Each structure stands twice: as C-alpha cells, then as structure tokens.
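Report on the following structure.
Please read these numbers as outputs of a predicted model, since none were measured by experiment.
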Protein chains: 2
Amino acid sequence: MADQGGGRRDLAAMLHPFVRALVAAEMPVLARNGISMWGYIVLSALDGGPARTQAALAQAIGADKTRIIAVLDELQDAGFIVREPDPADRRARLLSITPAGHRMRTATQSEIQANENRVLTALPAADRRAFLRAVEVLSGLPHDEIAAGPAGPDAAG
Amino acid sequence: MADQGGGRRDLAAMLHPFVRALVAAEMPVLARNGISMWGYIVLSALDGGPARTQAALAQAIGADKTRIIAVLDELQDAGFIVREPDPADRRARLLSITPAGHRMRTATQSEIQANENRVLTALPAADRRAFLRAVEVLSGLPHDEIAAGPAGPDAAG
DNA sequence: TATTGTTATACTCTATAACTATA
DNA sequence: TATAGTTATAGAGTATAACAATA
C-alpha cells in the first residue's frame, strides 16, 4: 500500500494546480472582453487608486518595470487608463484609470468572481467563509515572512 | 477614495502570490537536500505507489512526458528511484521509489511542512483547520470543473 | 497502425543590461 | 550621480514535432 498515514499533502502541491485552474478559468473571460491578464491586473491595481510612477505600480503588482510597459501602451490605446507626465517631475508618468477602464474592470471581475463563487460551492458554507477569511489573512502576509524563517536565511552566523 | 466596497479581491489574485511565496520557501530546502522541484514532485508521486509508464506518471503530476525524462535520469543516478523495463511490455519502464528515495522525500517534506505550519499560525486554530479542509476539497476538484462552467465552454450551440 | 520513450526544435515568458531624459 | 522610462538582449522554462523501438 501507499498509505500516507495521518499526514497531509504539501500546501503548495495542493494549491498550485488549483490556482492554475482558476487562472485558466479567467482566460476565456479576459479574451471575450479583449484584455490580457496583465492588463486586468494593472487595471485592478489602478482601480484601487492612481500610481505616481510606473515603477511603483510594477512593484505593487509584483512585476518587473520593463514588463508592464507594453501593457500600459495597450491599456492607454484602448482608453482604459491615462498616462500623463508629472508636472512636478517630468521623468515620471502619472497613471490613473478612466471611467471606461473602471467599467471594464468591474464587468470582468464580476464574471471572474461568479465562476469562483460557483467553485466555492464545493465547500460547506461555514468552511467557505472560513476559507475566504484565511485567504485574506494569508495573502496579506509579506513574501519574506512566508519564504524565510522568522529570523531569515542568514541567521546562522 | 478607492473604496472597494463590500467586494472581495479575486481568489486567484490573492492565492497566486501566496503560492509563489510557498514555492520560494521550498527552494532553499530542496537545494540543501540536493534535489530539484520536479525531482521532489516525482519522488512524492512515486512515494504514493509505483508507476507503470513514464507517461502515466507525467500525467499524474500534470507535467509533459518529455519534461520528466531528465528528472528521472537524475533521480535514478542519485539512487532515489529505479527504472526497469516492463517484462510484459518492453516499451514501458516501471518506476518505483527506493528506500533512500523514500527517506529523502520524508525528510524534505518534513522541513517543507514545518515551514507551512509556521505560516499557518497566522490563522486562528478553527480557521486553520477549516482552511486545510477546504484546500483538500478544492485541490480534489477536476481541472475542467474549475476552469469551465458546469456545462463546458461549447455548450452554447 | 498505435504507443513508449527519447531527442531536437521552437516558442513563450521573464529577467538583465544598456540607453535617453530628467533631476 | 541618481532615477524614471524605454528598448534590446539573453536566459529559463515549456510545449511541439520528429524519431527509434516495440506492440
């Protein structure tokens, strides 16, 4: 037998395929609305408030600053964001979402979360609520608090 | 203000960075034990029972069959698995874990889950148990049940 | 003819480095 | 000199296609 005993599977091993499937579920929604995944991520970030620099926006969404440039070009051409030079620092570009961008984000998110809610019906109501609470907490943890021990990787010296 | 109202963030948007951090946390553990991520995944799969073909193993772990070949070579050279021709079908290779491979997997998993458990202390005990129950259920859902609506993507015709 | 394992190739995504302009 | 944005390049990871052995 291949009994695993009382142990559980690794959290990452269980969640990784699940998240991949959730992302796959977003693809047709995004395609139907004519927006890319990064475009949707950027739009979601700017819907929470404008950004003073592209680098700050990139950092906020965990992306490289060079990677969002083409995304911003597309969103700007589509009229979903405005990118205007900062009068106070002409190197920087002030980024903000437009009403059209807000509508696009809201509509797209509504479809995405409708599917997520459908998936979550696999859980009993109490566990569903607790799961959502837990995800909110865990997603708020800093990366380094998850990836490194409490004292950090170079605490042995 | 950028008030999000009573809505929640997307599940995928919250879980993706969290899973990335969990995976990042595994990296130094795997490196210290001298095994790759894919090697650990394969070892974990074979620790649950032998595989009759490499293709079946690849499918079981959600990988391409061409991608695990180098991984199997490494694991075999390290003495963690045995890969022997199937006498009944000389095209196929029977895959199984060795005692050394089992020890490696157990030790590595112990370290990985110790860190995961440390992270989970961010949750109250009841939510932590509910979260683990929920993850078990959700990770058991078929990919297509998550990625597609209940009727499938081509049910409109 | 179909399937297993393998190798070789091409493609996608991402990070790094180099450049321009402002400060 | 340092920083914001941009572009060009290189690298890792992955999937697709073609091949040899066996069924």
Side-chain angles (χ1 to χ4, degrees), chain A residues 12-13 16-17 19-21 23-24 26-27 30-31 35-42 45-46 50-77 81-96 143 147, chain B residues 12-13 16-17 19-24 26-28 30-31 35-42 45-46 50-77 81-96 143 147:
Chain A
H16 195 268
V19 171
R20 269 183 52 148
V23 170
E26 297 189 11
M27 292 306 186
L30 296 171
I35 194 173
S36 69
M37 175 64 79
W38 280 112
Y40 176 66
I41 294 172
V42 165
L46 290 181
R52 287 190 316 284
T53 69
Q54 297 182 182
L57 172 64
Q59 187 183 17
I61 64 179
D64 195 275
K65 67 172 180 174
T66 65
R67 232 168 58 192
I68 65 171
I69 292 178
V71 179
L72 295 175
D73 290 344
E74 289 171 5
L75 292 175
Q76 190 175 27
D77 291 349
I81 68 169
V82 289
R83 181 159 51 159
E84 48 185 355
D86 184 348
D89 184 345
R90 301 215 319 275
R91 295 173 303 180
R93 307 269 180 277
L94 297 170
L95 303 169
S96 55
H143 176 96
Chain B
H16 195 270
V19 171
R20 269 181 53 147
L22 285 179
V23 170
E26 296 189 12
M27 290 308 186
L30 296 170
I35 195 174
S36 68
M37 175 64 80
W38 279 113
Y40 176 66
I41 293 172
V42 165
L46 291 180
R52 287 189 316 284
T53 70
Q54 296 183 183
L57 172 65
Q59 188 183 15
I61 63 179
D64 195 275
K65 67 172 180 175
T66 64
R67 232 167 60 193
I68 65 170
I69 293 179
V71 178
L72 296 175
D73 289 343
E74 289 172 6
L75 291 175
Q76 190 175 25
D77 291 348
I81 68 168
V82 290
R83 182 159 50 159
E84 48 185 354
D86 184 348
D89 184 347
R90 301 216 319 277
R91 295 173 304 180
R93 307 270 180 274
L94 297 170
L95 304 169
S96 55
H143 176 98

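The CZ-C1' distance, from B:Arg90 to C:dT6, rounds to 17 Å in whole Å. With rounding to whole Å, B:Ile61 atom CD1 is found 11 Å from D:dT14 atom P. Computed from coordinates, the A:Leu72 CG to D:dA4 P distance equals 15 Å when rounded to whole Å. One atom, CG of A:Asp86, and another, P of D:dT3, lie 17 Å apart when rounded to the nearest Å. The interatomic distance linking B:Ile68 (CD1) with D:dG13 (P) rounds to 17 Å, in whole Å. Per the geometry, CZ belonging to B:Arg52 stands 16 Å off C1' belonging to C:dG5, to the nearest Å. One interatomic measurement links the two molecules: CG of A:Asp64 to P of D:dA12, which rounds to 17 Å at whole-angstrom precision. Between B:Ile69 atom CD1 and D:dT14 atom P the separation is 15 Å, expressed in whole Å.
Using a 4.5 Å cut-off on side-chain heavy atoms (C-beta onward), A:Val23 and A:Met37 make contact. Here the side chains of B:Ile68 and B:Ile61 are in contact, with some heavy-atom distance below 4.5 Å.
The distance from atom CZ of A:Arg83 to atom CD1 of A:Ile69, rounded to the nearest 0.5 Å, is 7.5 Å.
The side chain of B:Arg91 lies closest to C:dT3, out of C:dT3, C:dA21, D:dT16. Of the candidates D:dA17, C:dT16, D:dG5, the closest approach to any side-chain atom of B:Thr66 belongs to D:dA17.
When the side-chain nitrogen and oxygen atoms of A:Arg67 are compared with OP1 and OP2 of C:dA15, one or more of them lie within a distance under 4.0 Å. Using a 4.0 Å cut-off, no side-chain N or O of A:Arg93 falls inside it from OP1 or OP2 of C:dA21. For C:dT12, neither phosphate oxygen OP1 nor OP2 lies less than 4.0 angstrom from any side-chain nitrogen or oxygen of A:Trp38.
Applying the 6.0 Å contact sphere to CZ of A:Arg52 captures no more than 12 heavy atoms from other residues, nucleotides or ligands.
B:Leu57 and B:Leu46 get closest at one heavy-atom pair: CD1-CD2, 4.1 Å.
Heavy-atom distances to DNA chain C give each of A:Asp89 and B:Ala92 a nearest nucleotide, and the one nearer the 5′ end belongs to B:Ala92.
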